[in-house]
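Structure, as structure tokens:
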2 protein chains.
Amino acid sequence: MNIQSRSQKSPRTDEEVIRSCGLFRGLDDTQRAVLTSMAVRKRFKQGTPIFVQEEACPGLFVVDHGLVRVFRLAPNGQQHVLHLCGPGQTFAEVAAIGGFALPACADAAQPAGCVMIPTDRLQQELALNHQLCRQLLTGMAFWVRHFVQLLEDIALRDAMGRVTRLLYDSPCDASGRIQLPGAKKDLANHLNLTSETFSRVLRRLAEQGVIEFDQDRSVHVIDAQQLEQLSGQSQNTDQ
Amino acid sequence: MNIQSRSQKSPRTDEEVIRSCGLFRGLDDTQRAVLTSMAVRKRFKQGTPIFVQEEACPGLFVVDHGLVRVFRLAPNGQQHVLHLCGPGQTFAEVAAIGGFALPACADAAQPAGCVMIPTDRLQQELALNHQLCRQLLTGMAFWVRHFVQLLEDIALRDAMGRVTRLLYDSPCDASGRIQLPGAKKDLANHLNLTSETFSRVLRRLAEQGVIEFDQDRSVHVIDAQQLEQLSGQSQNTDQ
DNA sequence: CCGACACCTTGACCTAGATCAAGCCAAAGC
DNA sequence: GCTTTGGCTTGATCTAGGTCAAGGTGTCGG
């Protein structure tokens with residue numbers, strides 16, 4: 001529900017991709033040039049694994065286009081989607097910066113192109129570059145806050161609360177149309193729900209006239225006010 | 001289950017407290033001296049609030065002695081315990097470093113003494129001190145990893161899995177005795193369980209001969225092997 | 001010593017959401 | 001074109017864990 005007019009032109013230069021990236025916002029041109037000079041292009045077909053957890057971290061990835069699914073694999077095979085990364089977002093930053101093994105797996109949920117900054121070069125640069133260090137430190141702090149939020153959602157909200165919050169936080173165009181990022185099953189999993197429950201909750205919202213489905217798999221928000229209200233509260237307090 | 005012989009002498013100097021702190025491990029003496037020079041002592045009686053979420057962050061806290069409960073308050077009054085901080089642990093680091101409002105509340109679960117490094121002075125220092133910056137960056141990365149772990153636990157494990165993992169990760173003395181940190185209700189809440197469920201799971205473990213209760217509210221691990229096995233797997237796969 | 005109170009335990013229920021199963025539809029492969 | 005495959009919906013059922021209620025126990029203040 002954050003109005004956003006984005007026209008994604010796919011083939012961008014490495015420098016453009018890095019500039020579009022929130023984690024690097026605040027760096028000046030020279031700083032960005034340094035990063036750009038280290039950058040390596042990576043391209044992944046839909047469904048291909050990008051890396052698996054416990055491996056050494058190859059580098060910090062910035063998504064140019066497509067969609068990357070970052071998920072944690074439990075010993076029994078269950079998985080939990082930690083993050084769906086679209087253009088401008090980063091993944092594997094934590095391991096690249098902290099210098100430890102990858103805590104999660106990633107694959108391409110849609111055909112994806114990324115810019116990668118190799119771990120060792122990043123580390124070299126961090127050892128010298130104070131401004132970059134500070135920038136990433138702030139970025140990391142935001143990242144922790146994000147996870148605290150996610151934890152709260154999963155711990156304190158019911159299914160309806162989680163879904164409405166997802167919708168409320170999703171970018172939409174001026175007419176209130178939301179393009180869901182990725183498959184519903186992945187979104188559901190990210191919210192720690194089954195796709196069945198996710199589906200049922202959406203139906204319930206449609207029945208209550210809060211949303212409508214468009215033909216092209218997107219969601220149209222009718223009653224933004226009620227959506228906000230539902231997403232603001234945790235647990236079911238209505239009626 | 002990590003054997004640990006710690007004899008906690010309560011009245012420590014600020015410098016000692018800061019040295020004992022994991023987040024600052026890796027700093028040399030001069031660096032630590034800088035931090036020490038900024039430090040402010042804080043003392044809290046049991047039950048008193050230390051700060052509430054949404055407020056500006058007063059500083060980065062390091063626990064000297066006692067126990068601090070960091071929790072997130074939902075609009076409807078429910079709360080979720082994010083962290084129980086004992087000696088040597090930090091809290092409010094994220095907001096102090098990132099420079100934003102506090103994402104959670106804190107109060108003293110037991111009478112507690114802390115060393116606080118005020119936000120503004122920390123920020124000043126971060127602007128200049130590259131080594132400190134790098135150190136905290138690594139610390140932050142570990143912190144994110146910790147939260148990912150926590151998320152996985154809550155999302156992917158059942159009650160038994162979460163409790164056994166808590167026990168397995170808790171420090172014990174040489175004879176396998178674990179002193180539970182804080183009240184059971186807080187521990188249970190941290191695991192996103194009710195105290196009732198927590199209680200039942202412990203009883204079940206006792207019935208299976210994995211643990212025993214000591215008179216002094218501590219837990220004695222009998223069958224460490226089985227505990228490890230139970231804590232290693234997610235979801236119930238036995239029998 | 002006697003409440004008062006907060007924590008913990010235990011039992012009896014109850015519900016949100018998982019699981020199972022069936023069917024639909026669109027894209028992909030042949 | 002037909003078949004396969006994978007995602008999505010929907011209904012019927014099951015269950016882990018929450019909720020409610022009733023003690024039990026330890027601690028504190030008087």
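Every chain is numbered from 1 and lettered A, B, ... according to where its sequence line falls, protein lines coming before strand lines.
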Using whole Å, report how far CG of B/Asn189 lies from P of D/dG17. 16 Å
Can you check whether B/Ser199 has a side-chain N or O nearer than 4.0 Å to OP1 or OP2 of C/dC8? no
When you get a sec, tell me which of C/dC8, D/dC20, D/dG17 is the closest nucleotide to the side chain of B/Glu196? D/dC20
Check whether any side-chain N or O of A/Thr194 sits under 4.0 Å from OP1 or OP2 of C/dA18, and answer yes or no. yes
Using whole Å, report how far CZ of B/Phe198 lies from P of D/dT19. 17 Å
Starting at CZ of B/Arg157 and ending at P of D/dA16, how long is that distance when rounded to a whole Å? 18 Å
Just the rounded figure in Å: distance from C1' of D/dG18 to CD1 of B/Ile154. 15 Å
In whole Å, what is the span from the NZ atom of B/Lys45 to the P atom of D/dC28? 15 Å
Is it true that B/Glu207 and B/Arg203 make a salt bridge, defined as a side-chain N closer than 4.0 Å to a carboxylate O? yes
Donor-acceptor under 3.5 Å (A/Gln79 side chain, A/Arg72 main chain): no
So if I take every side-chain heavy atom of B/Thr197 and compare against C/dC7, D/dG17, C/dT10, which nucleotide ends up nearest? D/dG17
When you check the phosphate oxygens OP1 and OP2 of D/dT19, does a side-chain N or O of B/Arg200 lie under 4.0 Å from one of them? no
May I ask you to decide if B/Arg177's main-chain N or O and B/Ser218's side chain share a donor-acceptor pair within less than 3.5 Å? no
Between P of D/dG18 and NE2 of B/His80, the distance in whole Å: 12 Å
Quick one: A/Asp158 CG to D/dA16 P, roughly how many Å, whole number? 21 Å
Side-chain donor or acceptor of B/Gln53 paired with backbone N/O of B/Leu73 under 3.5 Å: yes
Looking only at side-chain N and O atoms, does B/Lys185 come under 4.0 Å of OP1 or OP2 in C/dC7? yes
So B/Asp186, base contact, sugar-phosphate only, or nothing? Heavy-atom distance under 4.0 Å. nothing
d(CZ, A/Phe213; C1', C/dA26) in whole Å: 18 Å
Between B/Ser195 and C/dC8, is there a contact of a side-chain N or O with OP1 or OP2 at under 4.0 Å? no
Candidates D/dG17, C/dA21, C/dG17 - which lies nearest the side chain of A/Arg162: C/dG17
Kindly indicate, with the supporting measurements, whether the criterion side chain to side chain contact (heavy atoms under 4.5 Å, CB included) is fulfilled by B/Cys21 and B/Thr90. CA-CA 7 Å; B/Cys21 164; B/Thr90 54; 3.4 Å; yes
N or O in side chain of A/Arg203 less than 4.0 angstrom from D/dG11 OP1/OP2: yes
